[in-house]
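A short write-up of the structure that comes next.
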Amino acid sequence: MITNAEIASILSELARLTVLEDGSPQSFRVRAYEKAARAVEIHDEPLAPLTAAQITKVPGLGASSAKKIRELADTGRLAKLDSLRETFPPAFVEVTRIPGVGPKTALMLRESLGIESVDDLKRAVGDQALRDLPGLGAKTEENIARSIERLGIGGKDRRTPIVDAMRIAQDMVAALEAMPGVDRAVPMGSLRRFRETIGDVDIIAVSEGGSGAIMEWFTTMSTVTDVVGFGAKKSSVIVGAGIQVDLRVMTAAQFGSASMYFTGSKAHNIRLRQLAMDRGWILNEYGLSDSASGDLIASETEEDVYAALGLPWIPPELREDTGEVEAAIAGSLPDLVDVGHLHGDLHVHTDLSGDGRDSIEAMLDAVVARGLTYVAITDHAEDLVINGASRDEMLAQRAHIDELCVRYPDLTVLHGAELNIGPEGSIDYDRDFLAGFDFGVASVHSQFDLPADVQTQRVITAMNNPAVNVIGHLTGRMIGRRPGIELDVDAVLAAAVETGCGIEINSHLQRLDASADVLRRAVGSDVVFVISTDAHDTRELANSMWGVRNARRGWVRRDRVANTWETAEFLAWVASKRGR
DNA sequence: GCCGTTTTCGGCCCGACTGTTTTCAGTCG
């Protein structure tokens, strides 16, 4: 049976190819397909078994979409899509990935020069064949040539892992804020929404003194390799390895509406503008105002603008138009977790781990300095040959912790281990030795390419082990570098409830594992999560803020996160698992 | 293509920048 995700993906492709058929990314048909794809994606129940009439009941899906979905479910194909793919083969679609080349230009190039691929276009540019075409010129030809060169590092749909984008944004923000006339600079866009990969880095600089000097400075920084836009209000540059950074300069009075606009998502913004329109208002980056009189209604803070639209403030991590607007209207936004809610860290390494950097004393000092009241020390167990600790080393560490406890009267220190899940779900040590630990995190560190059913059983077997309180970094993925193990996520979430085993939300920006998508699948269930840093040095303890934001993006309610609980309640949860 | 207490047609989110024009189309976010 075809899944909603598969249907949504096909409708998205239909939208992309219809852009070419209609010659416009804004055609109403394109937008209808995009909206339909989104509607299918966020619909809770499978659509494949429904009749066309039932499908039409879903908002965003009309008679035409219903017919297409039935065709897909019944035949596995979509004639309309097959014919579009024939008209616009992948090599031609590739041409539209070139920045600056949209559907109109691509179609015109095909019509006038027979361009069917990026290679064709490269040749035409070499022959200077573009500059004499209507609407184009020498400048456009040069820009397309440069864009093709840049294609080597990704086209319009290139995405950068959040860990890299975050670093660039932080550096840029610091540099901007050091500049005279800039009152503050704040990253926006998908970075603020905390997507795990980022297209462009968007930044707002707040200034009352005009933008000229700021834009001049921004576009001539030493890290800038290319300037793709230079204007009074907006400029865009390429930095370092090819990441685009967009800067908008706004006044403090516009900051609320501006940050909503630049945080997006686009789909979320469209929903808000429709709400504004219903009231006879207009919403843009400069504010919410009356369409007729032009009178400003709200702009200074996001809270002001949302409130004027009759909504509570919606956290940026939720702004994807995947149900957050409806929840806001209904007053049922989830009560999300903040860093200040965390009382403990349940995955912390010391220099006993081969890859750990700081002593246990340093780690405990840092934990106390962060205001935490409990912590689990979880160095690697012996099966991780390079980094793991032997039994004797673990016993010595436990004795050491007992001695140290007097120095930390307000901190509950659990002696734990990060256990390794073998291919069949077994873990390090033996039952008796495991019983000596206060806490167990079990993680996959090897054999990432077993079949999904084997991996699923592997993790569930580990969950059933009484020594395992939490599954660490669920899939082992590294964003943008390796995919992580394949799992039947729903089966794993069900087993988590069944066994009382917690699931870690790993705070490393490269991991963010379990992913926000997985977390969202658990909404409404009784799965217990813990937000852990997996810190290998004292500095990394601050990473909890990333885990928190990933949890927020996954709609995880605060009360489902065990390390927001007070010490006694938390310890009771730990004990109940170990007693099974 | 979708939708409807302005209902079955006529609307559909909004603005900046570029390059080509000489008032605007195309692209992008």
Side-chain angles (χ1 to χ4, degrees), chain A residues 11 14-15 18-19 21-39 55-69 80 96-109 130-144 146-147 155-157 188-190 198-204 211 215 219 227-237 244-250 254 257-258 260-289 291 321:
Chain A
L11 290 173
L14 195 58
T18 304
V19 168
E21 192 179 39
D22 288 357
S24 163
Q26 309 279 20
S27 87
F28 295 117
R29 210 153 52 111
V30 169
R31 279 160 52 181
Y33 286 146
E34 285 172 349
K35 196 175 174 190
R38 172 175 302 277
I55 294 172
T56 313
K57 298 268 194 310
V58 178
L61 300 181
S64 170
S65 292
K67 198 164 160 234
K68 289 184 173 69
I69 291 170
K80 173 74 184 165
T96 65
R97 286 185 69 236
I98 299 167
V101 180
K104 291 260 188 351
T105 308
L107 291 166
M108 191 269 282
L109 291 171
L130 269 58
R131 55 184 60 199
D132 297 326
L133 295 174
L136 303 186
K139 194 76 186 273
T140 301
E141 191 176 77
E142 285 164 24
N143 285 344
I144 288 176
R146 268 201 312 170
S147 291
K156 284 189 283 221
D157 50 358
M188 298 283 162
S190 49
I198 307 301
D200 302 333
V201 171
D202 298 302
I203 297 175
I204 292 182
S211 61
M215 291 308 190
T219 51
V227 178
V228 291
F230 186 102
K233 298 176 173 176
K234 172 186 174 181
S235 294
S236 302
V237 299
Q244 181 168 328
V245 182
D246 297 340
L247 177 68
R248 289 287 300 242
V249 179
M250 309 292 290
Q254 300 164 332
S257 48
M260 287 170 67
Y261 179 80
F262 294 111
T263 297
S265 66
K266 183 178 159 185
H268 178 86
N269 284 351
I270 288 173
R271 290 296 306 277
L272 296 188
R273 290 195 190 117
Q274 284 164 341
L275 290 179
M277 221 164 47
D278 293 345
R279 292 161 166 77
W281 299 338
I282 186 167
L283 176 60
N284 58 28
E285 57 264 57
Y286 303 109
L288 179 66
S289 48
S291 308
D321 190 27

Salt bridge or not between A:E21 and A:K80? Use side-chain N to carboxylate O under 4.0 Å. yes
Would you say the base of B:dC14 stacks on A:Y261 (centre-to-centre below 5.5 Å, plane angle below 30°)? no
If you measure from the C1' atom in B:dT22 to the same atom in B:dC28, how many Å do you get, rounded? 24 Å
Does A:S236 have a side-chain nitrogen or oxygen under 4.0 Å from the phosphate oxygens OP1 or OP2 of B:dC17? no
Is A:K67 near enough to B:dG1 that one of its side-chain N or O atoms lies under 4.0 angstrom from OP1 or OP2? no
Whole angstrom is fine here: how far is it from CG in A:D278 over to C1' in B:dT5? 12 Å
Below 4.0 angstrom from OP1 or OP2 of B:dC14, is there any side-chain N or O of A:N269? no
For B:dT8, which nucleotide is its Watson-Crick or G-U wobble mate, given both distances must be under 3.5 Å? none
Determine: side-chain N/O of A:K234 to OP1/OP2 of B:dC17, distance under 4.0 Å, yes or no. no
Closer than 4.0 Å, any side-chain N/O of A:S24 to the OP1 or OP2 of B:dG26? no
Taking the nucleotide of DNA chain B with the nearest heavy atom to each, does A:G60 or A:I282 sit closer to the 5' end? A:G60
With rounding to the nearest 0.5 angstrom, report the CD1 to CZ distance, A:I144 to A:R146. 11.5 Å
Using OP1 and OP2 only, check whether a side-chain N or O of A:Y286 sits under 4.0 Å from B:dA16. yes
Can you tell me if the side-chain N/O atoms of A:K266 get under 4.0 Å from OP1 or OP2 in B:dG29? no
Residue A:K139, side-chain atoms from C-beta onward, closest of B:dC12, B:dC17, B:dT20: B:dT20
Looking at B:dC2, B:dT27, B:dA16, which one has an atom nearest to any side-chain atom of A:K104? B:dT27
Using whole Å, report how far CG of A:L288 lies from P of B:dG15. 12 Å
Counting only side-chain heavy atoms from C-beta out, which of B:dC2, B:dG29, B:dT27 sits nearest to A:T105? B:dT27
Look at the side chain of A:Q26 and the base of B:dG29, then say whether one donor and one acceptor between them are separated by less than 3.5 Å. yes
Which nucleotide in the list B:dG1, B:dC14, B:dC28 gets nearest to the side chain of A:S64? B:dG1
Is there a side-chain contact between A:L130 and A:L109, using heavy atoms and a 4.5 Å cut-off? yes
In terms of side-chain heavy atoms of A:K68, which of B:dC17, B:dT27, B:dG1 is nearest? B:dG1
Nearest-angstrom distance, C1' atom, B:dG11 to B:dA16: 25 Å
Out of B:dC17, B:dG1, B:dG15, which nucleotide sits closest to the side chain of A:S65? B:dG1
Work out how far the C1' atom of B:dC14 is from that of B:dC9, and round it to whole angstrom. 25 Å
